[in-house]
Amino acid sequence: MSPLPALNIAKLAAPLRARVEEVLRQAIIDGRLAPGQRLTERQLTEMTGVSRTLIREALRQLESQGLISVIPNKGPVVRELTAEEGRDLYAIRAVLEGLAARLFVENADAAMAEMLSKAVDAVVAAYERGDFPEALRTKNQFYEVLFRGSGSETLSSMLQTLHARICRWRALGVTHPQRSPGRAGEAIRGLKAIQDAIGRRDAGAAEQVTREEAMHGAAEVMRLLSRSFPAAHAARR
């Protein structure tokens, strides 16, 4: 078995338990901890430099978020990406993000709308530079602003839980070397359509275009999944 990649834990940046969880989550999203990879406490302790107790706590959180599975007689493994999960997650994402956009129109103040506009500009700039990791980061920030501006703590909490799982899929769609050449332009148009509908205070249009952008993303990741894991994809069709 090849050694796990070393990961840096900034012990003073945040409560250590939360930092361990975030570092492991990001390693899964980035693919440094690959789908199907077994995760042992010893290896994770060596990789992060923290205690087994903290590793166990982080693994429990990652399991609750659907990022790892605990398999009898094997232990924790990084969950595989499957077409069924992707379709489910994106269908739910489309509905909830669409609702968030509608509520943003109804509840967000001018300052929050300005934050959303700046978030769109940051995503567009990253795509235009061809900086896809930065596009992923700024796109996540855009949705965080959208959720906060919805004014619904319940919806925002549900979406944060969903996004803990869907970030892996978004990373696949944005940073994959075989991503569609036209997807960046499509994503820019989608975000600008959301921004425009919100700017016009058209709640119905904002909900509709947000759902459409989510489903465009779904189509792209389903295509990439079939290319990245063709045998598994075919077996589950």
Side-chain angles (χ1 to χ4, degrees), residues 1-90 92-93 132-137 139-141 143-144 157-179 221 224-236:
M1 179 184 294
S2 60
L4 293 174
L7 298 176
N8 220 359
I9 303 292
K11 295 189 177 182
L12 300 179
L16 188 54
R17 180 174 60 183
R19 282 293 300 148
V20 173
E21 180 186 332
E22 178 56 30
V23 166
L24 294 179
R25 180 189 300 108
Q26 195 59 50
I28 291 171
I29 292 170
D30 293 344
R32 286 175 289 159
L33 297 178
Q37 183 170 349
R38 185 184 177 202
L39 305 174
T40 69
E41 289 181 8
R42 179 182 60 79
Q43 288 175 311
L44 294 178
T45 296
E46 292 173 356
M47 180 175 69
T48 59
V50 302
S51 70
R52 293 196 177 200
T53 298
L54 287 174
I55 292 297
R56 291 188 197 107
E57 292 173 351
L59 290 175
R60 280 196 292 271
Q61 288 299 313
L62 296 176
E63 182 184 15
S64 72
Q65 295 165 8
L67 295 177
I68 69 171
S69 297
V70 178
I71 299 175
N73 302 318
K74 186 174 182 180
V77 298
V78 179
R79 285 190 61 177
E80 301 275 1
L81 298 174
T82 67
E84 289 87 349
E85 180 187 36
R87 282 191 290 266
D88 284 349
L89 288 176
Y90 271 87
I92 296 167
R93 174 193 168 191
F132 294 106
E134 179 66 6
L136 176 63
R137 188 187 70 79
K139 204 170 186 182
N140 288 337
Q141 289 181 336
Y143 284 106
E144 288 172 6
S157 176
M158 292 172 68
L159 281 162
Q160 291 295 344
T161 299
L162 176 69
H163 274 242
R165 292 178 65 176
I166 214 164
C167 275
R168 295 179 72 196
W169 296 88
R170 182 173 288 146
L172 178 67
V174 172
T175 64
H176 196 284
Q178 294 181 317
R179 62 188 171 274
V221 297
L224 292 171
L225 181 65
S226 68
R227 287 173 174 263
S228 300
F229 312 105
H233 180 78
R236 293 178 173 90

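This one's a predicted model, so the numbers in the text were calculated from it and none came from an experiment. By convention here, the first residue in the shown sequence is residue 1.
For the side chain to side chain donor-acceptor pair (under 3.5 Å) test, no residue two or more places apart in sequence or in another chain qualifies with Tyr90. Partners of Arg52 by side chain to side chain donor-acceptor pair (under 3.5 Å), not counting sequence neighbours: none found. Judged as a side-chain contact (heavy atoms from CB on, under 4.5 Å), and not counting sequence neighbours, Thr161 has no contacts. Applying the side-chain contact (heavy atoms from CB on, under 4.5 Å) criterion to Arg137, with sequence neighbours excluded, gives Glu134, Gln141. Checked against side chain to side chain donor-acceptor pair (under 3.5 Å), Asp30 has the following partners two or more places apart in sequence or in another chain: Gln26, Arg32. Checked against salt bridge (charged side-chain N to carboxylate O under 4.0 Å, His left out), Arg168 has no partners two or more places apart in sequence or in another chain. In this structure Gln160 satisfies the side-chain contact (heavy atoms from CB on, under 4.5 Å) test together with Glu144, Phe147, Ser156, sequence neighbours excluded.
The OG1 atom of Thr48 lies 11.5 Å from the CD atom of Gln43; values are rounded to the nearest 0.5 Å. Atom-to-atom distance recorded for Leu224:CG and Trp169:CH2 is 10.5 Å, nearest 0.5 angstrom. From Glu57, atom CD reaches atom OG of Ser51 across 7.5 Å, with rounding to the nearest 0.5 Å. How far CZ of Arg87 is from CG of Leu89: 11.5 Å, rounded to the nearest 0.5 Å. One distance of note links CG of Asn140 with CD1 of Ile166; it measures 10.5 Å at 0.5 Å rounding. If you take OG1 on Thr45 and CD1 on Ile55, they are separated by 5.0 Å, rounding to the nearest 0.5 Å.
Under the side-chain contact (heavy atoms from CB on, under 4.5 Å) rule, Leu24 has a single partner from Leu39, Ile29, Leu44, which is Leu44.
Counting only residues at least two apart or in different chains, salt bridge (charged side-chain N to carboxylate O under 4.0 Å, His left out) contacts with residues 158-167 comprise Glu85-Arg165.
Across every non-hydrogen atom of Ile71 and Val77, the tightest pair is CD1-CG2, 3.5 Å. Among all heavy-atom pairs drawn from Leu225 and Ala83, the shortest one is CD2-N, 3.4 Å. The shortest non-hydrogen separation linking Val20 to Leu54 is CG1-O, 4.3 Å.
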Show me, pair by pair, the donor-acceptor contacts under 3.5 angstrom made by side chains of residues 58-68, not counting sequence neighbours?
| residue | atom | partner | partner atom | Å |
| --- | --- | --- | --- | --- |
| Ser64 | OG | Gln61 | O | 2.6 |
| Gln65 | OE1 | Arg25 | NE | 3.2 |
| Gln65 | OE1 | Arg25 | NH2 | 3.2 |
| Gln65 | NE2 | Glu21 | OE2 | 3.0 |

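Between Val50 and Arg19, the closest side-chain pair of non-hydrogen atoms is not below 4.5 Å.
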